[in-house]
Amino acid sequence: MFKWLYSHVIDFTGLIVVAIVLYLVSISQFASKGLAFDVPNSFQQLNTIFLSILIEAIPFVLVGVLIAGFIQIFITEDHIRRWIPKNKFLAVLMSCFVGALFPACECGIVPIVRRLIAKGVPLYAGVGFLLTGPLINPIVILSTFMAFGNDLQMAGLRMGVGFFAALAIAGIISVLFKTNQLKHSSDIAVQHSHSTRKNQSFIQKLDGMLKHSIDEFFDMSKYLIIGAFIAASVQTFVSAQSLFIFGDGVIGSTIIMMGLAYILSLCSEADAFIGASFRQIVPPASILAFLVYGPMIDLKNTIMLLSTFKSRFVFVLLLLITLIVFVSILLISFFVRWS
């Protein structure tokens, strides 16, 4: 009974959120045509930021759910058992390397990781993939290189610090959690056995993949929209200057930049250009914190993770990412000479 009620409450919430989106889009269209509407400037700003986050994120979510659908239909538990090393360290190392080569946004990677873990990938390997995929894939590193005036140092440090931070976080997760931590394991468990799928034609499998992708998209999009709306509200109604309460030293500015990265919820393919705009305001180490922390965890991503994993795991993961990135940046600030 509770499960049925919870499902319907979530669906009803999703309808409300979609209605809000349609309302904001319609307001935007009316405003662009110059029609008379007594709409506060803050609401227009909220509308603009909200829609920009959605437009930026949805293409990556689409790619993510298509890959998740492919994994559900074409990848079996036997494949995963053969591919994932038995050794924990090697499994974490492999997941981080695969993530580094995989061009995914922090939104699009959540459904992929959920599907992989449901198929039998260990939680710690899924975390390694989750953290490195949006952070140090080739597109992100190239955009960082270009945003900082073809500067190899910032791009290289982003890749190095991000990779080793992901290794450390995934390693700690392997010690702290022994189960997959999925919130609804039974709901997203494998629904077609290998023996059933092997008798299907390629067209039937493709049809099943698309159906799973559609279900995954509508399931994840509700939380993406909620997260985007909250992030846009914070950006609109919380002054950036109010965040500068810790001073302008490395420690204070690093805390500020990590907070901004979390609140702004930028796409990892574009955040380097925003980070570069702070070069005259904060130290380079703090900008590096902005570039490493945001793709690993942000506001909209947290809400999507909470929809997938148990709350305790998400909060532990958030705490680990925050502490390890913060300590890593402080160490970098002492030992690296900035060009």
Side-chain angles (χ1 to χ4, degrees), residues 64 67-68 70-104 106 108-138 140-141 156-186 188-190 193-194 197 268 292-293 295-297 301 305 308-310 312-329 331-332:
I67 295 172
F70 176 85
I71 292 169
Q72 172 67 16
I73 299 299
F74 291 97
I75 304 298
T76 68
E77 295 88 335
D78 290 335
H79 292 143
I80 291 172
R81 278 192 289 268
R82 289 198 298 267
W83 295 339
I84 300 294
K86 300 295 184 184
N87 182 279
K88 283 186 178 181
F89 176 75
L90 292 179
V92 168
L93 190 64
M94 189 192 79
S95 68
C96 289
F97 272 116
V98 172
L101 299 173
F102 194 85
E106 63 271 16
I109 207 164
V110 174
I112 299 174
V113 171
R114 177 170 79 162
R115 189 60 61 188
L116 284 171
I117 292 175
K119 282 280 190 173
V121 170
L123 178 66
Y124 47 85
V127 168
F129 185 76
L130 177 76
L131 298 179
T132 56
L135 175 59
I136 55 177
N137 69 69
V140 170
I141 297 305
L157 284 172
R158 183 180 197 180
M159 185 165 55
V161 173
F163 186 83
F164 285 105
L167 278 178
I169 294 164
I172 295 172
I173 290 294
S174 73
V175 175
L176 295 179
F177 296 95
K178 304 302 181 184
T179 60
N180 64 25
Q181 296 298 304
L182 290 172
K183 185 175 286 186
H184 307 295
S185 297
S186 60
I188 63 173
V190 179
S193 67
H194 177 57
R197 291 198 303 267
S268 57
V292 172
Y293 188 70
M296 284 189 168
I297 193 77
N301 194 36
L305 288 171
T308 299
F309 295 99
K310 294 177 181 177
R312 177 174 174 269
F313 165 74
V314 176
F315 289 123
V316 169
L317 180 64
L318 174 60
L319 180 62
L320 284 175
I321 293 172
T322 302
L323 290 177
I324 290 177
V325 171
F326 182 72
V327 171
S328 299
I329 295 302
L331 291 174
I332 287 293

Candidates Val127, Leu182, Leu176, Asn180 - the one meeting side chain to side chain contact (heavy atoms under 4.5 Å, CB included) with Phe313: Val127

I need the Phe315 CZ to Leu305 CG distance, nearest 0.5 Å. 10.5 Å

Quick check for you: to the nearest 0.5 Å, what is the distance between Thr179 atom OG1 and Lys310 atom NZ? 5.0 Å

Nearest 0.5 Å, what's the CD1-CG distance between Ile117 and Leu123? 5.0 Å

For a side chain to side chain contact (heavy atoms under 4.5 Å, CB included) check, start with the C-alpha distance between Val292 and Leu135, then their side-chain angles and the critical distance, and finish with the verdict. CA-CA 7 Å; Val292 172; Leu135 175 59; 4.2 Å; yes

Please report the interatomic distance OG(Ser95) to CG(Leu130), rounded to the nearest 0.5 Å. 10.0 Å

Distance (rounded to the nearest 0.5 Å) between Leu131 CG and Met296 CE: 5.0 Å

Student check: side-chain heavy atoms of Ile112 and Phe129 closer than 4.5 Å: yes

Looking only at heavy atoms, what is the nearest atom pair of Ala166 and Thr132, with distance? CB-CG2, 3.5 Å

I'd like to know if the side chain of Asn301 and the backbone of Ile297 have a donor-acceptor N/O pair within less than 3.5 Å. no

Side chain to side chain, Leu93 and Phe163, heavy atoms closer than 4.5 Å: yes

Heavy-atom pair of closest approach, residues Arg312 and Phe177: NH1-CE2, 3.1 Å

Give the minimum heavy-atom separation between Ser174 and Lys88, together with the two atoms involved. O-NZ, 3.2 Å

So do the side chains of Ile84 and Pro122 get within less than 4.5 Å of each other, counting heavy atoms only? yes

Value for CD1 (Ile321) from CG (Leu317), rounded to nearest 0.5 Å, stands at 4.0 Å

Exercise: identify the closest heavy-atom pair between Ile109 and Pro134: CD1-CD, 3.8 Å

Taking every non-hydrogen atom, the tightest pair across Pro85 and Ala91: O-CB, 3.8 Å

Write down the atom of Leu167, the atom of Cys96, and the distance for their closest heavy-atom approach. CD2-SG, 3.8 Å

Quick one: which of Leu318, Leu320, Val325, Ile324 gives a side chain to side chain contact (heavy atoms under 4.5 Å, CB included) with Thr322? Leu318

